[in-house]
> 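Pasting a structure below so you can have a look.
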Number of protein chains: 2
Amino acid sequence: MDDMDRRIIGLLAEDSRRALADIGGLVGLAPSSVNERIRRMVAAGVIRRFTVETDPSALDLPLLVFLRLVLRPEADATAFRQAIAGHPRILECHHVTGAWPWLIKLRVETVAEIEVALDQIRASGFLGQHETTIALSSAVAGVFVPATMP
Amino acid sequence: MDDMDRRIIGLLAEDSRRALADIGGLVGLAPSSVNERIRRMVAAGVIRRFTVETDPSALDLPLLVFLRLVLRPEADATAFRQAIAGHPRILECHHVTGAWPWLIKLRVETVAEIEVALDQIRASGFLGQHETTIALSSAVAGVFVPATMP
DNA sequence: GGTGAAATTCAGCGAGG
DNA sequence: CCTCGCTGAATTTCACC
């Protein structure tokens with residue numbers, strides 16, 4: 001991971017379909033060297049996958065929602081993690097500092113779906129107090145990659 | 001945007017370097033038809049870009065931080081949006097419902113950098129009360145795409 | 001919209017410097 | 001790490017359905 005690798009990653013982040021010769025021309029390397037660096041970064045796990053950024057609204061997920069919640073005292077955090085893993089609407093779920101130990105980021109189509117998601121989380125039996133926040137607009141929107149179907 | 005488009009996007013999200021012939025074989029279309037659909041989705045803005053998901057720790061950004069803040073009463077929200085747009089560490093910034101109208105997601109290398117980012121936001125003159133939350137671990141990590149250099 | 005075939009471009013590989 | 005050549009495979013375009 002030297003500076004050359006970082007420049008290559010920056011270019012791939014902009015457009016991962018760019019030809020190796022183009023990238024090489026921009027960073028000052030031969031195409032084969034660029035290819036080898038990319039291959040190494042994929043093997044090392046620095047690059048996890050080549051993917052697409054999409055418009056969430058075009059995929060019928062216009063609503064961005066954050067849930068902050070506490071688990072019930074008897075809940076097992078490991079079981080909770082497994083219960084929410086793979087949920088198609090949950091983009092992120094972090095264990096965080098502060099009074100609300102869990103922060104979940106969702107994308108849904110309608111407000112009704114927020115309640116559906118909450119009920120699904122509740123169904124795991126771990127849900128304690130919770131708080132729902134809806135994004136009105138985004139100054140920096142973040143990258144949306146659609147969920148991969150199972 | 002029919003169901004065929006959605007399947008193609010799902011496959012591209014998994015691996016955007018997959019050959020058109022592979023995708024066509026999985027969804028039941030000729031490679032040229034898949035190519036045409038992708039071209040249309042890019043033109044329509046459904047697909048924003050082809051990119052790479054990376055390991056944030058490998059890029060020296062192991063710390064995930066959320067800031068919740070209120071602007072000073074006299075602050076101009078539009079100016080605030082511009083002030084934080086393009087900040088290399090700010091992954092997301094949303095105007096949200098609730099007592100803390102702004103939610104910012106950051107990735108940084110060290111805790112010291114959290115303070116640096118806060119000072120930079122404060123420098124815009126809009127910062128009122130704020131609250132910092134640090135992610136301890138992630139049950140669903142979310143997709144990290146490195147910032148594109150200007 | 002979709003197809004199949006042609007034309008072009010690209011990735012992938014090995015040898016040599 | 002670069003160049004060169006090569007080969008197979010992929011993208012891209014086009015006329016046609």
Side-chain angles (χ1 to χ4, degrees), chain A residues 1-62 109 143-150, chain B residues 1-61 143-150:
Chain A
M1 274 310 298
D2 59 1
D3 213 61
M4 193 63 83
D5 280 340
R6 262 178 279 272
R7 290 178 66 192
I8 292 172
I9 284 195
L11 291 168
L12 288 175
E14 278 180 15
D15 178 8
S16 65
R17 292 195 304 181
R18 218 184 232 118
L20 300 178
D22 286 358
I23 299 171
L26 289 166
V27 302
L29 285 179
S32 59
S33 305
V34 176
N35 194 24
E36 176 62 14
R37 280 175 177 269
I38 293 174
R39 198 198 57 73
R40 273 205 307 269
M41 288 193 283
V42 171
V46 177
I47 295 176
R48 292 191 172 145
R49 60 171 164 169
F50 291 75
T51 187
V52 281
E53 178 186 354
T54 60
D55 176 2
S57 297
L59 270 69
D60 299 324
L61 296 169
E109 181 171 10
V143 176
F144 176 65
V145 171
T148 39
M149 343 252 177
Chain B
M1 273 310 298
D2 59 3
D3 212 60
M4 193 63 82
D5 281 340
R6 261 178 279 272
R7 291 178 66 192
I8 292 172
I9 283 194
L11 291 168
L12 288 175
E14 278 180 15
D15 179 9
S16 65
R17 291 196 304 182
R18 200 178 250 127
L20 301 177
D22 285 358
I23 299 172
L26 289 167
V27 302
L29 285 179
S32 56
S33 304
V34 176
N35 193 26
E36 175 64 12
R37 279 176 177 270
I38 293 174
R39 197 198 58 72
R40 273 205 307 272
M41 288 193 283
V42 171
V46 176
I47 294 175
R48 292 192 171 143
R49 60 171 163 167
F50 291 75
T51 185
V52 283
E53 178 186 355
T54 59
D55 177 2
S57 297
L59 272 68
D60 299 323
L61 296 169
V143 177
F144 176 65
V145 170
T148 27
M149 342 253 177

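Below, chains carry the letters A, B, ... as their sequence lines are ordered, and counting in each starts from 1.
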> L20(B) has an atom CG; how far is it from atom C1' of dT13(D), in whole Å?
13 Å
> Starting at atom CD1 of I38(B), determine the distance to atom P of dT12(D), rounded to an integer number of angstrom.
9 Å
> Are the side chains of P62(A) and P56(A) in touch, meaning some heavy atoms are under 4.5 Å apart?
no
> So, using side-chain hydrogen bond (donor to acceptor under 3.5 Å, both in side chains) as the criterion, who are the partners of D5(B) when residues are at least two apart?
R37(B)
> Check this for me: does any side-chain nitrogen of one of D15(B) and R49(A) sit under 4.0 Å from a carboxylate oxygen of the other?
no
> Between dA10(D) atom P and D15(B) atom CG, what is the distance in whole Å?
13 Å
> Rounded to whole angstroms, how far apart are CG on L12(A) and C1' on dA11(C)?
14 Å
> Would you check if the side chain of R18(B) reaches a backbone N or O of L11(B) as a donor-acceptor pair within less than 3.5 Å?
yes
> Check whether R7(B) reaches the backbone of L26(B) with its side chain - one donor and one acceptor, N or O, closer than 3.5 Å.
yes
> Which residue, L12(B), D22(B), L29(B), forms the side chain to side chain contact (heavy atoms under 4.5 Å, CB included) with V34(B)?
L29(B)
> Taking the side chain as every heavy atom from C-beta outward, state whether I38(B) and L20(B) have any atom pair closer than 4.5 Å.
yes
> Between the protein and nucleotides 1-4 of chain C, which nitrogen or oxygen pairs are less than 3.5 angstrom apart?
{"residue": "dG2(C)", "atom": "OP1", "partner": "R37(B)", "partner atom": "NE", "Å": "3.3"}
{"residue": "dG2(C)", "atom": "OP1", "partner": "R37(B)", "partner atom": "NH2", "Å": "2.7"}
{"residue": "dG2(C)", "atom": "OP2", "partner": "R37(B)", "partner atom": "NE", "Å": "3.2"}
{"residue": "dT3(C)", "atom": "OP2", "partner": "A30(B)", "partner atom": "N", "Å": "2.8"}
{"residue": "dT3(C)", "atom": "OP2", "partner": "S33(B)", "partner atom": "OG", "Å": "2.8"}
{"residue": "dG4(C)", "atom": "O6", "partner": "S32(B)", "partner atom": "OG", "Å": "3.1"}

> Can you pull out how bent the helix from dG1(C)-dC17(D) to dG17(C)-dC1(D) is, comparing the axes over its first five and last five pairs, to 10°?
40°
> What's the closest nucleotide to the N35(B) side chain, out of dT12(D), dC10(C), dA10(D)?
dT12(D)
> How many angstroms lie between atom CD of E109(A) and atom CG of D60(A), to the nearest 0.5 angstrom?
4.5 Å
> In whole angstroms, how far is the P atom of dA10(D) from the CZ atom of R17(A)?
15 Å
